[in-house]
Amino acid sequence: MKRVYISSNRTDAYLVRDRLRHAGIAVHVFNEHAQSIVGDVPPDVAWPQVWVDDDADAARAEQVIGEFRRERMRTGQWHCRQCGEDNPATFDFCWKCGSAPTTAG
């Protein structure tokens with residue numbers, strides 16, 4: 001097993017876990033309930049951590065995590081062609097109607 005991600009909150013750890021599982025990488029989240037001991041131990045020890053089961057998957061996991069981080073940094077908005085609603089750039093689907101953004105083709 002190898003640690004590939006440390007998060008300051010469980011939500012991000014679960015998002016990374018699910019993204020890695022979707023990519024076919026077996027992972028586990030550790031320390032998901034240990035945040036209350038931050039201060040007694042260093043944060044990187046108590047924060048939720050995502051570990052790959054097979055060390056050979058670590059490099060591919062890092063690529064998936066890198067894409068996750070780039071997506072989280074998107075700024076701006078996109079306009080839903082289905083319902084006309086504006087959505088934050090980080091949304092993969094329209095919050096109002098559930099449509100995916102379309103690309104000009």
Side-chain angles (χ1 to χ4, degrees):
M1 292 188 90
K2 183 173 182 180
R3 184 179 68 197
V4 292
Y5 189 77
I6 299 174
S7 177
S8 62
N9 63 75
R10 282 189 302 221
T11 302
D12 279 350
Y14 292 144
L15 288 171
V16 168
R17 177 202 65 185
D18 292 346
R19 183 74 65 100
L20 292 171
R21 285 182 177 172
H22 183 72
I25 301 170
V27 298
H28 286 86
V29 175
F30 293 107
N31 295 344
E32 57 195 311
H33 301 291
Q35 289 176 308
S36 63
I37 64 171
V38 170
D40 294 330
V41 299
D44 65 331
V45 173
W47 283 349
Q49 302 174 3
V50 179
W51 291 65
V52 293
D53 289 358
D54 185 349
D55 290 2
D57 287 330
R60 194 161 55 99
E62 293 291 342
Q63 291 174 343
V64 172
I65 292 167
E67 179 61 26
F68 172 77
R69 287 182 171 139
R70 284 187 292 280
E71 289 175 9
R72 300 287 302 268
M73 299 298 290
R74 289 187 294 203
T75 61
Q77 295 185 351
W78 61 272
H79 187 75
C80 179
R81 292 185 179 175
Q82 190 73 25
C83 71
E85 194 65 32
D86 288 326
N87 294 275
T90 55
F91 282 27
D92 292 329
F93 299 97
C94 177
W95 72 269
K96 186 174 182 181
C97 72
S99 295
T102 57
T103 57

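Hydrophobic cluster membership of Trp95, counting Ile, Leu, Val, Met, Phe, Trp and Tyr whose side-chain heavy atoms lie under 4.5 Å apart directly or via other members: Trp78, Phe91. Connectivity analysis of hydrophobic side chains (ILVMFWY, heavy atoms under 4.5 Å, direct or indirect) links Val64 to Val4, Tyr5, Tyr14, Leu15, Val16, Leu20, Ile25, Val27, Val29, Val50, Val52, Ile65, Phe68.
Residue pairs meeting the side-chain hydrogen bond (donor to acceptor under 3.5 Å, both in side chains) criterion with at least one member in residues 56-68, sequence neighbours excluded, are Glu67-Arg70.
Here the closest heavy-atom approach between residue Ala46 and residue Val41 is recorded as CB-CG2, 3.7 Å. When all heavy atoms are compared, the tightest approach of Ala89 to Arg74 is O-NE, 3.1 Å. Residues Gly84 and His79 approach most closely at O-CE1, 2.8 Å, considering heavy atoms. Cys80 and Cys97 make their closest contact through SG-SG, 3.6 Å (heavy atoms, listed as atom of the first residue, atom of the second, distance). Asn9 and Asp12 get closest at one heavy-atom pair: OD1-N, 2.8 Å.
Taking a cutoff of 4.0 Å between a charged side-chain nitrogen and a carboxylate oxygen, Glu32 and Arg17 do not qualify as a salt bridge.
Rounding to the nearest 0.5 angstrom, the gap separating the CZ atom in Arg72 from the OG1 atom in Thr90 is 8.0 Å. Here the straight-line distance linking atom CG of Asp55 with atom CE of Met1 works out to 9.0 Å at 0.5 Å rounding.
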